Amino acid sequence: MVNVLVTDPLIVDYLDEPDWEVFTHRTDTDVEARLPNTDVLIASRVTESMAAAATRLRLLHVPGAGLDRIAIDALPPHATVCNTFHHGRSIAEHVVMVSLMLARRVLLTDHMLRQGKWVSAAVDPDERPGHTLAGRIVGVVGLGEIGQAVVRALTTLGMRAQAVRRTPTAPDGLALDRVADMSGLDDLLSTSDIVVLTVPLTADTHTMIDARRLALMRRDAVLVNVARGPLVDEDALFDALSAGRIGGAALDVWWGHPKDGAGAKGYTRPFELLDNVVLTPHNSGHTHETFAGRAAEIKANVRRLTGGRPLTNVVRPGR
């Protein structure tokens with residue numbers, strides 16, 4: 001039998017394993033005190049001091065895809081690190097939702113109608129109508145599970161799709177006009193109506209969308225970020241949005257997180273004052289289907305570990 005410690009609160013209700021210790025909403029010091037006797041840790045955040053305390057750890061299972069809050073290099077070398085996904089469809093549906101909200105100016109029209117004013121060409125000839133997604137171009141940055149699901153969802157609605165990724169090959173079954181390596185990012189930005197960011201945060205992708213690249217986007221184009229906040233330069237994005245240099249943005253990820261002591265907002269510029277931005281609290285993948293799929297895979301991997309069988313979604317094998 002292995003000692004399993006669960007510190008991530010989002011996945012707890014879906015695991016349903018009475019022998020596993022649930023230790024959520026605790027201080028780092030409290031977690032560190034539990035780690036020397038832990039064989040399997042299920043956590044979305046591991047500091048260097050936590051990693052150093054986990055001397056017996058055989059498996060760290062991240063209950064999601066992102067690893068930017070995991071001090072992997074500080075973990076003992078014999079510990080295997082795995083992650084899990086199952087969020088592609090949920091996030092793709094979110095991208096469809098916010099893209100339509102921006103195309104139809106839902107935030108503005110909802111706000112004004114609550115004040116008794118119709119923002120509509122039917123009553124004001126100066127008002128411009130919205131537009132459909134069909135026939136427009138989506139540019140997807142990254143073609144992992146999320147990127148592929150976004151392409152499927154939006155091309156089903158009649159959009160054309162193009163993408164950039166590290167390896168410029170198109171996955172089977174995706175309707176893509178073209179796929180380029182990351183050197184094609186500037187061209188994608190200048191030729192897309194909707195740009196969707198789905199790449200992980202690394203040293204190479206940090207602030208990849210800066211003032212220069214925002215200036216390449218079409219004036220009515222929108223940026224959708226469902227990856228990580230620091231992919232985008234916060235000041236440059238706010239300035240572009242407030243000046244009307246791009247059409248809008250949908251932000252589900254931020255430059256800070258309440259769990260990291262960064263305050264509740266996660267941003268420093270007043271995005272909440274803009275009516276061309278959809279703001280959501282990093283919950284685009286938070287559906288029952290996402291968490292149920294992740295929990296099933298985590299439990300299966302723990303069974304594989306105890307049975308001496310190969311694990312799935314291994315990010316770093318133990319030595």
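Quick caveat: nothing in here was measured; it's all calculated off a predicted structure. FYI, the numbering just counts along the sequence from 1.
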Rounded distance [0.5 Å steps], [atom1] in [X] versus [atom2] in [Y]:
X	Y	atom1	atom2	result
Asn37	Leu5	CG	CG	10.5 Å
Arg152	Leu154	CZ	CG	12.5 Å
Asn225	Trp254	CG	CH2	9.0 Å
Ile70	Arg316	CD1	CZ	11.5 Å
Thr29	Met50	OG1	CE	8.5 Å
Phe23	Thr7	CZ	OG1	9.5 Å

Would you say [X]'s side chain and [Y]'s backbone share a donor-acceptor pair under 3.5 angstrom?
X	Y	value
Thr205	Met208	no
Gln162	Leu176	no
Arg294	Phe85	yes

For a salt bridge (Lys or Arg N to Asp or Glu O under 4.0 Å) check, start with the C-alpha distance between Asp28 and Arg45, then their side-chain angles and the critical distance, and finish with the verdict. CA-CA 10 Å; Asp28 289 0; Arg45 175 177 174 271; 2.8 Å; yes
Using the rule given for side-chain contact (heavy atoms from CB on, under 4.5 Å), can you reason through Ile246 versus Val222, listing the C-alpha separation, both sets of side-chain angles and the distance that settles it, and then say yes or no? CA-CA 6 Å; Ile246 64 173; Val222 301; over 6 Å; no
Return the minimal non-hydrogen interatomic distance between [X] and [Y], and the atom names on each side.
X	Y	answer
Pro63	Ala43	CD-O, 3.2 Å
Val164	Leu185	CG1-N, 3.9 Å
Ser44	Val62	CA-CG1, 4.4 Å
Thr155	Ala161	CG2-CB, 3.8 Å
Ala170	Val179	CB-CG2, 3.7 Å
Ser192	Arg218	O-CD, 3.7 Å

Strictly below 4.0 Å, N to O, side chains only: are [X] and [Y] in salt-bridge contact?
X	Y	value
Arg34	Glu21	yes
Arg56	Asp39	yes
Asp220	Arg245	no
Asp233	Arg213	no

Between Lys265 and Glu272, is a side-chain contact (heavy atoms from CB on, under 4.5 Å) present by the stated rule, with each step listed? CA-CA 10 Å; Lys265 292 204 314 183; Glu272 71 276 7; 4.0 Å; yes
So do the side chains of [X] and [Y] get within less than 4.5 Å of each other, counting heavy atoms only?
X	Y	answer
Leu35	Leu57	no
Met1	Asp19	yes
Arg319	His78	no
Trp118	Thr109	no
Pro76	Thr55	no
Leu251	Leu237	yes
Thr207	Pro230	no

Grouping I, L, V, M, F, W and Y whenever their side-chain heavy atoms are under 4.5 Å apart, do [X] and [Y] come out in a common cluster?
X	Y	answer
Leu100	Met159	yes
Leu41	Leu67	yes
Val253	Leu201	no
Leu279	Leu197	yes
Met217	Val277	yes

Looking at [X], I want to see if its [atom1] is surrounded by more than 12 non-hydrogen atoms of other residues, nucleotides or ligands under 6.0 Å.
X	atom1	answer
Arg89	CZ	no
His131	NE2	yes
Arg69	CZ	yes

Identify which one of [options] satisfies the side chain to side chain contact (heavy atoms under 4.5 Å, CB included) criterion when paired with [X].
X	options	value
Arg165	Val140, Val141, Leu143, Asp181	Leu143
Ile91	Val96, Val196, Asn283, Ile146	Ile146
Val95	Val138, Asp252, Val226, Thr198	Val226

Could you give me the CA-CA distance, side-chain angles and deciding distance for Met101 and Leu107, then say whether side-chain contact (heavy atoms from CB on, under 4.5 Å) is met? CA-CA 7 Å; Met101 289 176 69; Leu107 290 177; 4.0 Å; yes
Which Ile, Leu, Val, Met, Phe, Trp or Tyr residues join Val6 in one cluster when any pair of side-chain heavy atoms under 4.5 Å counts as a link? Val2, Val4, Leu10, Ile11, Val12, Tyr14, Leu15, Trp20, Val22, Val40, Ile42, Leu59, Phe291, Ile298, Val302, Leu305, Leu311, Val314
Run the salt bridge (Lys or Arg N to Asp or Glu O under 4.0 Å) test on Arg212 and Asp186 for me, step by step, so that the C-alpha distance in whole Å, both residues' side-chain angles and the decisive distance to 0.1 Å come before the verdict. CA-CA 9 Å; Arg212 182 189 71 80; Asp186 287 3; 2.9 Å; yes
Describe, in one word, how the ring planes of His282 and His286 are oriented to each other, choosing from parallel (under 30°), tilted (30 to 60°) and perpendicular (over 60°). parallel
For the residue pair [X] and [Y], confirm or rule out a side-chain donor-acceptor distance under 3.5 Å.
X	Y	value
Ser90	Thr290	yes
Thr47	Ser49	yes
Glu297	Asn313	yes
Thr27	Asp30	yes
Thr191	Arg178	yes
Asn301	Thr312	yes

Which pairs, with at least one residue in residues 94-110 and sequence neighbours excluded, count as a salt bridge (Lys or Arg N to Asp or Glu O under 4.0 Å)? Arg105-Glu127, Asp110-Arg114
Show the numbers, then the answer: is there a side-chain contact (heavy atoms from CB on, under 4.5 Å) between Arg136 and Ile194? CA-CA 8 Å; Arg136 298 171 76 83; Ile194 299 173; 5.8 Å; no
Asp235: which residues meet the side chain to side chain donor-acceptor pair (under 3.5 Å) condition with it, sequence neighbours left out?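 Scan of Asp235 (side chain to side chain donor-acceptor pair (under 3.5 Å), adjacent residues dropped) gives Arg269.
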Would a line drawn from the ring center of Phe238 to the ring center of Trp255 be shorter than 6.0 Å?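 Centroid separation for Phe238 and Trp255: 6.0 Å or greater.
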